[in-house]
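In what follows, chains are A, B, ... by sequence order, proteins preceding strands, each numbered from 1.
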Amino acid sequence: MSSARLVPLALAAVLAAAGCGAAQTQTGTNTDAGITIFNTDPENPLVPGNTTEAGGSRVIDALFTGLVEYRAEDAQPVNAMAEKIETEDSKLFTVTIKKGWTFHDGSPVTAKSYVDAWNWTAYGPNATQGASFFSQIEGYAEVHPKDPDGPDGPQEAPKPATDKMSGLKVVDDHTFTITLSEAFSVFPVTIGYEVFAPLPEAFFKDQKAFEAKPIGNGPFKFVSRNVGTDIKLTRFDDFKGDKPKFKDLTLKVYQSRESAYADLVANNLDFMEELPPNALAGQKYETDLGDRVVQRETLNMQAIAFPFYLKPYDNVDLRRAISMAINREEITQRIFEGTRKPADGWVHPLMKGYQKGQCGEYCTFNPQKAKESFAKSGYTGEIVLLSNTDGGHQEWAEAVANSIKNTLGVEARFVPSTSFGEFRQKVNAHEMTGMYRAGWIADYPSIENWLTPLYRTGSSSNDGLYSNPAFDAKLAEADKAPSEDQAIKLYLEAERIMAPDMPVIPLWTQNTIAGKSNRLKVANLHPFRKLDLDSVEVVG
Amino acid sequence: MVPVFIGTTFLIYALVWAVPGDPFEGKCGERDCPESYVSAMRDKFNLDDPLVVQYGKYLGNLLQGDFGLTSAGLSVGERIAATFPVTLKLALVALLIEAVIGITAGVVSGLRNRGFLDSLVLVSTLFLISIPVFVTGYVVQLVFGLQLGLISPTVTSPTIGNLIVPGFVLASLSMAYVARLSRTGIAENKRADYVRTALAKGLPQKRVVGVHMLRNSLIPVITFLGTDLGVFLGGAIVTEGIFNVPGVGGLVFRSILTKDGAMVTGVVTVLVLVYLLMTLLVDLLYAVLDPRIRYD
């Protein structure tokens, strides 16, 4: 009996090993397997609107499915729970959701589930971390009034008169409308973020119980949480979207990335999306993991920002000179061994509508021009580069400072600051004493996200206080564009308007290096630096 | 003990919340946290009150057994209750390894003064003392866990059996000290009058070494072991990090990184208590070992 059964199995194995087609792959996949992936302990209660950090996001992402999801291949938004999202003027959006979807507790997902969840997250007194994502919806200011003397002051923000945004209206069980306070053509792209997930009735009845056992509508449902050790999820069999090809998902909390890496090498851990520095040093991961390395370009960009409030960095010739004095090619090759790619503009290459060379000569290493521009600026003093060093930034920051020093023949110094929190605080308080590191990870995959939040006058992350009225006007025009194509064209124009000003020096985009165990046949990285759960196949 | 307790907790409380940088800065990634979030958090931790009032409120809750909540809404008390037993297990395993191997090696080498075994112990302890714990940890993990595949490179679940390897690593340094301390004690007492008397009485060698000599030689060793247990209970951040042991050390370390002040103060307060208790215990043990101290 047993030997007879062995033959087809062995045959299948041979065929699979020879890489013959999809039919064999199917037989070799164990769809009831469980996998374990790396996680850090969630820093906040497991509620979508209150989760903005990685440890919680990995859980929320598996538990919830929003209106829109970002495709793993090219980061483009595709409808998930949305049947369609329609608009004529980029201001009023009509959302139709798919029928028949339920939460893990069996209650149906309706238009109301979305509207209630969004209202709850935006409501000021609920003090969620994700509230600001709703600021474009009409009526946000009413439910989230500003604190009159800032968060540190003794006065409390006035209690909002209403807890419902006027811009959200339920039409029927499966339709609702969103009115924005200003036309915003890329709005449908932004709502793939987890804070836009729906919430079930159960959440509003008993929030504490929900936090202990979250109920979502996504491909996985919650099983148990052992704080500080692991979170266990299992496949939700009534899920209406693409079902995962494995059953149980354990998100294991590690004390350090180094220990997780040891487990990964020993095949005790199935996936880890960012290897620790000790594995990256000297490309050690290649010998450790071999063909288990998973690598792809993800949506983050490293840059150097200028404090426009500090002399001499408000001098455009100096900014251009510094940018042209940085040898991006050499630094990416020498320090990052080719895992980063020199940037040639402010928009990430993976974005729809990305155009090559938007920054032009200003982002190309050119010692001659750099020197000319530097002479023109009339500045001769010291140039200071600031960065936190807890994220492995020291090496490249020193290399950049050296590159500037050698090219311009001027004193250029790297000044480290120890923690990310302290660094961010100084950036936010506009207390920088030199130019500084500015990383950006896209919130949503749109060309707009690489421009508006960072460079528009008064934007949330425009920490350097750059301002160019012509650029602002072009962005405003793009926001109001009736179609995506037109919007992209206008955003690109805006980028070109900004280029000669060099408000921020784009340095490079990043490849993320992940690793998988030999149990996983397929495990792909998502452009948002996470495991693409849909892709995972476990060896049978 | 009470003034020590109040003094240390106040110091910790003041220091933790005085760390430069707003505790809620950098909590929401590269962007700012919404103002409503920051002000609700400041409210929750009474950060708008003067320091003494803040501390008073904290101490008031603490005396009722309430350690408070972290900014993630987790109960600090529950987290301590979950991680402390793990650390306790690890500490006991390490202490046991350290005591058994250390004392045995010390006694053996002390008795065979200047023999081959003595030199062996001296050289190997010198070797252990000179390697930092993180080197021992990574080497053990790499060689036995990854290359030979004899052990799991990290601890899958914190049972006593699984904690033997991390316990060994943790104990390695102190083990060397214990061996040297007991060696000196034995070597000194070997020529003591009471030992000669005991031998002259015709007592068996086993009893002379095991009861008469060891008891007197162990006093400095016990002091060392006692304080060491306190140190182990304070969390072995490095060892826990390498072997992924979900203990107190990692908890404190991560709480400091995420600026979770409530957690840091809570855990450190417990550690202060533990340390005070350990010191008391060591003092009591002296009396058991040395009658002279008992009668004083």
Heavy atoms only, distances under 4.5 angstrom: which of B:Thr83, B:Val245, B:Leu142 has the most pairs with chain A? Name it, please.
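Winner by heavy-atom pair count: B:Val245.
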
Per-residue contact mode, [X] against chain A (heavy atom under 4.5 angstrom):
X        : answer
B:Val86  : neither
B:Tyr138 : side chain
B:Ile242 : backbone

Are [X] and [Y] packed together at the side-chain level, in the sense that at least one heavy-atom pair is separated by less than 4.5 angstrom?
X        : Y        : answer
A:Val253 : B:Pro246 : no
B:Pro153 : A:Val265 : no
B:Arg254 : A:Thr40  : no

Does atom [atom1] of [X] have more than 12 heavy-atom neighbours from other groups under 6.0 Å away?
X        : atom1 : value
B:Tyr275 : OH    : yes
B:Phe127 : CZ    : no
B:Phe84  : CZ    : yes
B:Lys89  : NZ    : yes

Taking all atoms of both residues into account, what is the closest heavy-atom pair of B:Val155 and A:Lys252, and its distance?
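Result for this residue pair: O-NZ, 4.2 Å.
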
Which pair of heavy atoms, one from B:Thr154 and one from A:Ser259, lies closest together, and at what distance?
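For B:Thr154 and A:Ser259, the tightest heavy-atom pair comes out as CG2-O, 3.3 Å.
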
Under a 4.5 Å heavy-atom cut-off, does chain B meet the side chain of A:Asp41, its backbone, both or neither?
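Side chain only.
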
Side chain / backbone / both / neither for A:Asp263 at chain B, heavy atoms under 4.5 Å
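Both parts, backbone and side chain.
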
